[in-house]
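Heads up: the structure comes next, in structure tokens.
Worth knowing before you read on, the calculation uses all heavy atoms, side chains too, and leaves out hydrogens, waters and symmetry mates. Chain identifiers are assigned alphabetically (A, B, ...) following the order of the sequence lines, protein sequences preceding nucleic acid strands; residue numbering begins at 1 within each chain.
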2 protein chains.
Amino acid sequence: MKDKKEKMQEILREKDIRVTRQRESILEVIFEAEKPVTATYIFSRLQESCPNLKLSTVYRNMNLFVKKGLLRKLSLDIDNNESYFELIRDEHHHHLICIQCNKVLPLDCPLGEFEEKIREETAYRIIDHSVKIFGICPHCQEFSNT
Amino acid sequence: MKDKKEKMQEILREKDIRVTRQRESILEVIFEAEKPVTATYIFSRLQESCPNLKLSTVYRNMNLFVKKGLLRKLSLDIDNNESYFELIRDEHHHHLICIQCNKVLPLDCPLGEFEEKIREETAYRIIDHSVKIFGICPHCQEFSNT
DNA sequence: AGAATACTTGCAAATGATTTGCATCTTTAG
DNA sequence: CTAAAGATGCAAATCATTTGCAAGTATTCT
């Protein structure tokens, strides 16, 4: 029976990333969150258990994890423009963002043949795309009168 | 026969924005650019003609113009994450972004009934959305071997 | 296991985009 | 033409993110 720590180590090794205490913890937070997270979110979750951890270490590892294909970096255009990171494990999807509480839900990709059409029309080599929908979630609708 | 300056003044007045020398100039740059621009882009274009202009003034006015419905703020997820601003004058559209030279082309909206579908499924009140396609433009494809 | 090497981290300071406080100037309304 | 409201220049602050460097830790080699 494997504990979380071991599972995190396994994942790191699979991606050719050296195993360190801080990487295990960071990854654990990301897995537990089940939603895109910011560097400061991770940092604050680890204040108690890793009081020595620095925010710069979190950032360095976010960048590493992105480079190694473990995470995807998102700009959700919320508030202050902080970057969000999410695990690359699910199929391709997009995001529905509550502009009041910042909750994020996954959305199926609505683009279909659109990319192909654009490629034909513009001769661009298409690399990627993003679709974001901004709204107000049912919970926030209840508690506001805007 | 109206010159540019008068036209800019007219636009500002229409939107209930006080007319100042720096606002006229800023707006002129935005109109001439015919593409989304950054604050620093505007600033550098005006170095010679308005040597006294401060970047903070540009930013303050970008925010004002957005609030007054003259501009729309975009994050194109290019490079350093600088914000872009574009005129609100055309119909609803999206962006095709060259990740090498940062050129931006407008795209028709491919979403159709999608928003409505999401609204029904999630009970979110939908406010807005954005679609970005990232690629490499024909010109950049020629001059790179990636 | 122990040493050598390579990579990570803590820490502090730098960076880059954007904002803000404040005194001074300019625009607009009366 | 003057007062009141608002805008600007200027410098400093802020916020997210990055970086240099010395000390610490993981991996490799023996």
Side-chain angles (χ1 to χ4, degrees), chain A residues 5-6 8-27 29 36-44 46-47 49-68 70-71 73-85 102, chain B residues 5-6 8-27 29 36-44 46-47 49-68 70-71 73-85 102:
Chain A
K5 198 161 262 189
E6 283 178 73
M8 297 302 121
Q9 297 184 353
E10 203 177 293
I11 291 169
L12 290 169
R13 291 220 177 78
E14 258 170 41
K15 292 284 181 180
D16 241 317
I17 300 172
R18 277 194 180 198
V19 174
T20 68
R21 225 167 324 112
Q22 20 286 76
R23 285 179 183 164
E24 284 163 27
S25 313
I26 291 172
L27 207 48
V29 173
V37 295
T38 63
T40 46
Y41 172 89
I42 296 172
F43 179 65
S44 63
L46 293 173
Q47 285 291 43
S49 51
C50 317
N52 254 338
L53 179 69
K54 289 283 147 181
L55 187 53
S56 57
T57 300
V58 178
Y59 273 111
R60 267 195 275 238
N61 284 313
M62 299 320 262
N63 289 337
L64 179 69
F65 293 173
V66 169
K67 193 161 57 180
K68 294 290 191 174
L70 200 50
L71 298 183
K73 185 180 187 175
L74 315 170
S75 20
L76 294 183
D77 301 348
I78 314 185
D79 299 339
N80 46 358
N81 238 33
E82 236 178 318
S83 294
Y84 282 70
F85 299 87
N102 294 353
Chain B
K5 197 161 266 190
E6 283 178 74
M8 297 303 120
Q9 296 185 353
E10 205 177 293
I11 291 168
L12 290 169
R13 290 221 177 76
E14 258 170 42
K15 292 286 182 180
D16 243 315
I17 300 172
R18 279 194 176 196
V19 174
T20 69
R21 227 166 324 111
Q22 20 288 76
R23 285 178 182 165
E24 284 164 27
S25 313
I26 290 171
L27 207 48
V29 173
V37 295
T38 63
T40 47
Y41 172 90
I42 296 172
F43 180 65
S44 63
L46 293 173
Q47 286 291 42
S49 51
C50 316
N52 254 340
L53 179 70
K54 290 283 145 181
L55 187 53
S56 57
T57 301
V58 178
Y59 273 111
R60 267 195 275 239
N61 283 313
M62 299 320 263
N63 289 336
L64 180 69
F65 293 173
V66 168
K67 191 161 59 181
K68 294 290 191 174
L70 200 49
L71 298 182
K73 186 181 189 174
L74 313 171
S75 20
L76 294 183
D77 300 349
I78 314 186
D79 300 339
N80 44 357
N81 236 34
E82 236 178 318
S83 293
Y84 283 70
F85 299 87
N102 293 354

ask   = Stepwise, does the side chain to side chain contact (heavy atoms under 4.5 Å, CB included) test hold for B/Met62 with B/Ile26?
value = CA-CA 9 Å; B/Met62 299 320 263; B/Ile26 290 171; 4.2 Å; yes
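- Taking atom CG of residue A/Leu53 and atom P of nucleotide C/dT8, one finds them 15 Å apart after rounding to whole Å.
- Between B/Lys54 and B/Phe43, the shortest heavy-atom distance links the atoms C-CE1, 3.8 Å.
- Rounding to whole angstrom units, CG of residue A/Leu12 and C1' of C/dT8 are separated by 13 Å.
- Here the shortest heavy-atom pairing between B/Asn61 and B/Arg23 reads OD1-NE, 2.8 Å.
- Rounding to the nearest 0.5 Å gives a distance of 12.0 Å between CD of B/Glu6 and CD1 of B/Ile11.
- Side-chain N/O atoms of B/Asn81 include none lying less than 4.0 angstrom from OP1 or OP2 on D/dA16.
- When all heavy atoms of B/Glu24 and B/Met8 are compared, the pair lying nearest together is O-CG, 3.9 Å.
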request  = Might you work through the side chain to side chain contact (heavy atoms under 4.5 Å, CB included) test for A/Tyr84 and A/Leu71, ending with a clear yes or no?
outcome  = CA-CA 10 Å; A/Tyr84 282 70; A/Leu71 298 183; over 6 Å; no
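- Atoms CG and OG, from A/Asn63 and A/Ser83 in turn, are 9.0 Å apart once rounded to the nearest 0.5 Å.
- Between the CG atom of A/Asp16 and the C1' atom of D/dT28 there is a distance of 14 Å, rounded to whole Å.
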Full working for side chain to side chain contact (heavy atoms under 4.5 Å, CB included) between B/Leu46 and B/Val58 = CA-CA 10 Å; B/Leu46 293 173; B/Val58 178; 5.7 Å; no
Write out a two-atom table: protein N or O, nucleotide N or O from nucleotides 27-30 of chain C, distance below 3.5 Å.
| unit_1 | atom_1 | unit_2 | atom_2 | d |
| --- | --- | --- | --- | --- |
| C/dT27 | O3' | B/Val19 | O | 3.4 |
| C/dT27 | O2 | B/Arg18 | NH1 | 3.0 |
| C/dT28 | OP1 | B/Val19 | N | 3.1 |

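- If you measure from atom CD1 of A/Ile42 to atom P of D/dA16, you get 14 Å, rounded to the nearest angstrom.
- Within a heavy-atom distance below 4.0 Å of DNA chain D, the residues of residues 54-61 of chain A found are A/Leu55, A/Ser56, A/Tyr59, A/Arg60.
- Computed from coordinates, the A/Phe43 CZ to D/dT18 P distance equals 16 Å when rounded to whole Å.
- Atom CD1 in A/Ile26 sits about 7 Å away from atom P in C/dT9, given to the nearest Å.
- If you measure from atom CZ of B/Phe65 to atom C1' of D/dG6, you get 14 Å, rounded to the nearest angstrom.
- For B/Asn63 and D/dG6, the CG to P distance is 17 Å, given to the nearest whole Å.
- Between C/dC11 and A/Asn52, a contact under 4.0 Å exists linking OP1 or OP2 to a side-chain N or O.
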task = Start with the C-alpha gap between B/Val37 and B/Val29, add the side-chain angles, then the distance that decides, and say whether side chain to side chain contact (heavy atoms under 4.5 Å, CB included) holds.
result = CA-CA 9 Å; B/Val37 295; B/Val29 173; 5.6 Å; no
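- Of the side-chain N and O atoms in B/Gln22, one or more sit less than 4.0 angstrom from OP1 or OP2 of D/dG9.
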